[in-house]
Amino acid sequence: MSRGKAEIGHPFGRDLRVLAKTDFDRVHAARRSASDGLLVVSASRNSLSVSRLGLAVGRVVGNAVVRNRWKRWLREAFRLEQRELPSGLDLVVRPRPGVKGDFDAVRVSLRTLAQRLAKRR
RNA sequence: GGAGUGGGCGGGGCAGUCGCCGGCUUGCGGGCGGCUUUACGCUGUCGACAAGCGGGAGGAAAGUCCGGGCUCCGUAGGACAGGGUGGUCGAUAACGUCGACCGGCCGCGAGGUCAGGGAAAGUGCAACAGAAAGCAAACCGCCGCCGGUGAACGUUUCGGCGUUCGGCCGCGCGGUAAGGGUGAAACGGUGCGGUAAGAGCGCACCAGCGGCCGGGGUGACUCGGCCGGCUUGGUAAACCCCACCCGGAGCAAAGCCAAACAGAGGGAAGCGCGGAAUCGGCCGCGGCGGACCGGUUCGGUCCGUAGGGUUCGACUCUCGGGUAGGCUGCUGGAGGCGGCGGGCAACCGCCGUCCUAGAGGAAUGAUUGCCGCGUGUCGUCCACGGCACGCACAGAACCCGGCUUACAAGCCCACUCCCCGC
RNA sequence: CGGGGUGUAGCGCAGCCUGGAUUAGCGCGCUUGCUUGGGGUGCAAGAGGUCGUGGGUUCAAAUCCCGCCACCCCGA
């Protein structure tokens, strides 16, 4: 983990997010996913040169505070890892219900799952 | 010192780096409009980018249990239905909320708690037990009378008769509700009188109910006196009656702008020659009409071109409705804080001061250091220090007043009871 | 934002509206015994319940009323 090193210059705006319902439907229709004990990541090619992040955090995950914490962790992990991730993918990330987790584990899990999906293409 | 009652505060702090949301200012260059001019400038507006500045979740933001503002719809007035509330007076925009007071129950007390109107308006319900569960009735029992009968005594005209034994028997007639026992609950309690036995049958006191009079209080109610018949139980969070309250929907409300598709109405030119060919139609040239491109006249490209009528389609213009989408609603308000005044209080009035989130698949995160608090452990006990772990409940979605529920550590105020000392 | 429903034995349900002793019941499952060479089937007996939770009303609450918890469904 490159904790403490200069992690500057990782902007993360709305253009890097999956927001439209049609995009979510396309990712789900692709039926390509990878998972571990923490996360479930689905993916589909997009027409862009960069990858985008979509969040799917349902009510079974926890109350509003828990759900917000997951979404913030996932956004931050995507922001810091975006140069290590494969490009041109729409990634929809869903936390497994009931698990605790912490930020470092989320970061590692997101990177490995996304790379596994890119390899399996 | 111990035990307890009622209430309040609090919701980790500071600094650095990388990011997020929206706001303001400036810069850069781009689109559109206007002015002025011929090329710069001025100005408005919109979008993207960059920089700077300052802001960015709660006491419950939660549950969505009540009440209101606001918006649209409906509506002559009222009633019914349905729902809600339920001591009194007050507070309030309103409430099922709050305050003060009254009454019942609990507590030695500080205090706590109560959906706290009506059961002589009506209907219903009460298992089991019990004689009987609501209007009086009478199982055992008690008492009297009547009938039968036993013993003893007296008397005798020897058939009986009388008295006593609170004698015994009766599925005979009547009087009782004191006693027995059941139950959550049994038609007032105690005492005296009274009676064949008893009974509010009478009396005294007490409790309860009703009425009248007087004192206090706005009122709930309360204090005192007199009288009455002696009583008429419980349950309305059972139906119900009484009093009061409620039009419906909800910011995905609602308003504005407004693609595409569909709908309604309207519109220009609608010719000639030649070739193959029966016609339709196709091809070429010219004309005409329309659109587009370059642009000074003008040129080029593409499309249409019918004997007449009708229908359909295409193109184009206009129109209403208003979908996708966008904008508004969107945060300055029954607002916070301080002071003065009124009121026991809830709360109200006046003055001053402050501006404090506005997203829209939904913004607060990551990381580093120091400090704070708690627990554990180590250093020799203390003072202190090191290390490890932990620091709750929980995230605005139109706004506000309440209620309910969740919550780590810590702190404060008032009061009560017990023990000890002076 | 608004509306509705469910919670009872390991599982699926009844009872609730109209309160009580009807021992809170039914089916499957479970335990034990008999039957069989053994298993299944069959027969007999039995165990198993904070009626989601905390209060209230009532003599009495799974049932009536209020608060809370969990889950499910519907409308805009």
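A note on names: the letters A, B, ... follow the listed sequences, proteins ahead of strands, and every chain is numbered from 1.
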Base-pair map of RNA chain C as dot-bracket, where | denotes pairing with a different strand and pairs are Watson-Crick or G-U under 3.5 Å: (((((((..((((......[....)))).(((((.......))))).....(((((..]....)))))))))))).
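- Taking the P atom of each, B/G23 and B/G358 are spaced 9 Å apart, rounded to whole Å.
- One C1' atom belongs to B/A94, the other to B/C125, and the distance between them is 41 Å to the nearest Å.
- As rounded to whole Å, 11 Å separates atom C1' of B/A396 from atom CG of A/N68.
- Across the protein-nucleic acid pair, A/L74 atom CG and B/A363 atom P stand 13 Å apart, rounded to whole Å.
- Among the protein residues, A/R17 comes within range of the sugar-phosphate backbone only, with heavy atoms under 4.0 Å from sugar or phosphate atoms but none that close to a base.
- One C1' atom belongs to B/G325, the other to B/C319, and the distance between them is 23 Å to the nearest Å.
- The closest side-chain heavy-atom distance from A/L113 to A/V93 is not below 4.5 Å.
- Taking syn as a glycosidic angle within 90° of 0, B/A394 does not qualify and is anti.
- The P atoms of B/C20 and B/C261 are separated by 41 Å, rounded to the nearest whole Å.
- Comparing B/A262 with B/C312, their P atoms sit 15 Å apart, to the nearest whole Å.
- Within the shown strands, nothing qualifies as a pairing partner of B/U64 under the Watson-Crick or G-U definition with both distances less than 3.5 Å.
- Remark: the separation of the P atoms in B/G333 and B/C89 is 37 Å, to the nearest Å.
- Partner assigned to B/A204 is B/U190, using Watson-Crick or G-U wobble distances below 3.5 angstrom.
- Taking atom CZ on A/R83 and atom P on B/C18, their separation rounds to 14 Å, with Å as the unit.
- With rounding to whole Å, A/E81 atom CD is found 15 Å from B/A366 atom P.
- Atom CZ in A/R107 sits about 14 Å away from atom P in B/G19, given to the nearest Å.
- The shortest distance between side-chain heavy atoms of A/V41 and A/S33 does not fall below 4.5 Å.
- Under the 90° criterion around 0 for the glycosidic angle, B/G59 counts as syn.
- Glycosidic torsion of B/A185 falls outside 90° of 0, placing the base in anti.
- The pairing partner recorded for B/G295 is none, the criterion being a Watson-Crick or G-U wobble arrangement whose two distances lie under 3.5 angstrom.
- Residues passing the side chain to side chain donor-acceptor pair (under 3.5 Å) test with A/R52 are A/D23, A/D90, sequence neighbours excluded.
- Mapping A/A56 and A/V66 onto RNA chain B by nearest heavy atom places A/A56 at the nucleotide closer to the 5' end.
- With a cut-off of 3.5 Å on both pairing distances, B/G395 has no Watson-Crick or G-U wobble partner at all.
- The main-chain N or O of A/L89 is found under 3.5 Å from a side-chain atom of A/S51 such that the two form a donor-acceptor pair.
- Residues meeting the side-chain contact (heavy atoms from CB on, under 4.5 Å) test with A/S35, sequence neighbours left out: A/V40, A/R96.
- Separation of the C1' atoms belonging to B/G175 and B/A137 is 15 Å when rounded to the nearest angstrom.
- In this structure, CG of A/L80 is placed 13 Å from C1' of B/C20, rounded to the nearest angstrom.
- Counting heavy atoms from C-beta outward, A/R94 and A/L39 have side chains that stay 4.5 Å or more apart.
- With C1' as the reference atom, B/G69 and B/A93 are 8 Å apart, rounded to whole Å.
- Shown here are the side-chain contact (heavy atoms from CB on, under 4.5 Å) partners of A/A77, two or more places apart in sequence or in another chain: A/F103, A/V106, A/R107, A/L110.
- Across the strands present, B/A120 finds no partner; the criterion is a Watson-Crick or G-U wobble pair with both atom distances under 3.5 angstrom.
- Taking a pair to require two hydrogen-bonding distances under 3.5 Å in either a Watson-Crick or a G-U wobble arrangement, B/C302 pairs with B/G290.
- Under a 4.0 Å N-O distance rule, the pair A/E81/A/R111 qualifies as a salt bridge.
- When the side chain to side chain donor-acceptor pair (under 3.5 Å) test is applied to A/D36, the partners found at least two apart in sequence or on another chain are A/S109.
- A/R72 has its CZ atom 5 Å from the P atom of B/U364, to the nearest Å.
- Shown here, B/G216 is classed anti by the O4'-C1'-N9-C4 or O4'-C1'-N1-C2 angle, which is more than 90° from 0.
- B/G281 makes up no base pair with any nucleotide shown, lacking Watson-Crick or G-U wobble contacts both under 3.5 Å.
- Sorted by first and then second residue, the pairs that involve residues 53-72 of chain A and meet ring pair (Phe, Tyr, Trp, His ring centres under 6.0 Å), not counting sequence neighbours, are A/W70-A/W73.
- In this structure, B/U297 shows a glycosidic angle more than 90 degrees from zero, which is the anti conformation.
- Base pairing of B/G390: its partner is B/C373, meeting the Watson-Crick or G-U wobble criterion (both donor-acceptor distances under 3.5 Å).
- The listed nucleotides are B/G365, B/A362, B/A396; the one nearest the side chain of A/R79 is B/G365.
- Atom-to-atom, CZ of A/F78 to C1' of B/G361 comes out at 16 Å; the value is rounded to the nearest Å.
- In terms of phosphate contacts, A/W73 brings a side-chain nitrogen or oxygen within less than 4.0 Å of OP1 or OP2 of B/A366.
- The residue A/R69 sits apart from the nucleic acid: no heavy atom pair falls under 4.0 Å.
- Between A/E76 and A/N63, the residue anchored nearer the 5' end of RNA chain B, judged by the nucleotide with its closest heavy atom, is A/E76.
- Proximity note for A/V65 (side chain, C-beta onward) versus B/A394, B/U364, B/U367: the nearest is B/A394.
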